[in-house]
Amino acid sequence: MQINRESTLDSNLIRSTIVAIVVLATAPMPLLADEPWQADPEVVARFSSRRDSFNYEESKVPTYRLPNALQQADGSQVGDAATWKEDRRPELLELFRSNVYGRRPNIDATIRYVETGRIDGVFDGKADGIAMETVIEIADRTYSFPFIVFIPKDAEQPVPAVIHINNREFSPLEEAAQENDPFWPARTIVERGYATASFHTSDVDPDRKDGYAEGVRSFYANGKLPADEDWRSLSAWGWAASRILDHLSGIDTIDADRVAVVGHSRGGKTALWAAAEDPRFAIAYSNNSGCGGAALSRRAYGETVERITNAFPHWFCKTFSTYSDREDELPVDQHELIGLIAPRAVYVTSADKDLWADPRGEYAALVASAPVFELLGQASITEPTMPALDSPRVMGKTGYHIRTGEHNLTAQDWNWFLDFADQIVK
Ligand code: GCU
């Protein structure tokens with residue numbers, strides 16, 4: 001993969017024009033006959049028969065118009081980076097808080113990190129493995145959640161790092177040091193020259209609709225039920241990734257300016273929101289994140305706002321559910337979530353059998369975020385047609401691939417992630 005920086009005036013002009021067309025055109029975008037990727041009709045038929053109340057046909061995607069990331073609430077157009085940074089970005093962040101992910105509490109807490117286990121010289125002596133506990137204290141109350149870190153040994157300079165949001169099985173340190181789990185291949189990551197840490201979502205905020213009382217949100221609220229616009233689980237998990245970044249920032253063999261956050265599916269939604277809320281993350285990786293992640297809500301392809309807010313009411317703030325069946329009235333869409341991360345790097349993935357997550361909607365959101373990258377002086381993917389299967393596309397600060405196979409985070413995804421990270425932070 002090559003970072004391809006377009007530098008001539010002409011190519012910039014062409015790029016801006018394409019971006020303007022992509023952003024302003026009403027959809028569905030016509031599919032070109034020679035699109036390198038289209039959903040396999042057999043897969044479409046399978047999904048349609050399994051979940052017949054959801055749409056998997058490109059021709060049935062409603063006509064929509066995306067909100068313009070660079071237009072402020074008062075109608076004025078953002079024309080320079082300073083206005084973006086000082087006015088529009090905070091405004092957009094607030095819109096996502098109040099309409100989608102909720103607002104984090106503004107309460108003072110003391111946070112300590114306690115080492116609970118350690119194995120020196122794991123991975124044939126290449127790293128140290130450390131089990132940690134994050135202890136949060138408010139007055140005389142405490143809440144804690146564990147995480148694991150692997151730090152390469154004997155690096156000549158501080159190394160970049162990858163924080164992984166684990167929404168599956170969380171292995172204790174001893175196991176993580178033994179097996180290279182494809183979902184979090186700590187050994188591979190270390191061998192590629194990165195430190196890595198992982199925590200489990202439910203240890204921070206239980207991933208159940210009735211788990212509130214046991215999680216960190218309830219701890220912060222001292223048991224009080226959340227208001228409509230208060231943070232929900234995705235935001236709590238993203239907050240936890242930031243607390244791990246705080247810890248890594250204090251380790252002198254890690255370079256805190258070069259830390260990526262990676263998540264799959266609900267973890268991929270979390271990774272994008274974590275990086276929107278915390279500008280210290282250098283890269284956000286959204287793997288198969290779908291609805292409420294990278295996929296445009298307005299396409300209503302596969303999972304919808306109505307379905308996700310009914311099935312997972314603890315993920316999004318209450319307001320999001322009011323946009324069921326009226327996605328086109330949302331004041332934001334997910335391309336603007338990616339825009340909030342610019343000019344830092346964003347990598348989005350899809351899988352060709354993962355129509356529930358709307359691969360085309362995930363790619364379209366990435367492309368539609370391009371005006372923000374451009375305003376901030378960064379190249380990003382603007383090509384309207386998706387790349388072919390298993391052919392990562394990287395342009396400047398954004399990357400994308402659609403992998404053959406099911407909804408999953410695989411060793412192959414990680415290899416492409418690390419290739420991108422090598423270009424961005426090495
Ligand atoms: C469900 C949910 C998705 C989510 C996925 C996951 O399928 O509908 O929105 O991404 O779970 O996290 O695995």
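On a predicted model such as this, the values are computed, not experimentally measured, just so you know. In each ligand, atom 1 is the first atom listed, and ligand 1 is the first ligand listed.
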For atom 3 (C) of ligand 1, closest protein heavy-atom neighbour
Glu303 OE1, 3.2 Å
For Arg403, run the salt bridge (charged side-chain N to carboxylate O under 4.0 Å, His left out) check against Asp352, Asp413, Asp390, Asp354 and tell me which one passes.
Asp413
Thinking salt bridges, do Lys353 and Glu406 make one under a 4.0 Å N-O criterion?
no
Would you call the rings of Trp414 and Phe417 parallel, tilted or perpendicular, where under 30° means parallel and over 60° means perpendicular?
perpendicular
among protein heavy atoms, the one nearest atom 12 (O) of ligand 1 is Arg266 NE, 2.5 Å
Is the distance between the ring centroids of Tyr400 and Tyr347 under 6.0 Å?
no
With atoms numbered from 1 as shown, which atoms in ligand 1 lie under 4.0 angstrom from a non-hydrogen atom of Trp315?
4 (C), 9 (O)
Atoms in ligand 1 flagged as close to Lys269, the criterion being non-hydrogen separation under 4.0 Å
3 (C), 4 (C), 9 (O), 10 (O)
Atoms of ligand 1 less than 4.0 Å from Ile308 heavy atoms?
9 (O)
Angle class for the Phe219/Tyr143 ring planes (parallel below 30°, perpendicular above 60°, tilted otherwise)?
tilted
Who's the nearest protein heavy-atom neighbour of atom 2 (C) of ligand 1, and how far?
Phe312 CE1, 3.4 Å
What protein heavy atom sits nearest atom 7 (O) of ligand 1, and how far off is it?
Trp356 NE1, 3.3 Å
Does Tyr220 form a ring-ring contact (aromatic ring centres under 6.0 Å, His included) with Trp239? I'd like the steps, not just the answer.
CA-CA 12 Å; Tyr220 264 90; Trp239 169 90; 5.7 Å; yes
Find all atoms of ligand 1 within a distance of less than 4.0 Å from any non-hydrogen atom belonging to Arg307, and give their numbers and elements.
8 (O)
Return the orientation label for the Phe96 and Trp273 ring planes: parallel under 30°, perpendicular over 60°, tilted otherwise.
tilted
For Ser265, atoms of ligand 1 separated by under 4.0 Å from a heavy atom
4 (C), 5 (C), 6 (C), 10 (O), 12 (O), 13 (O)
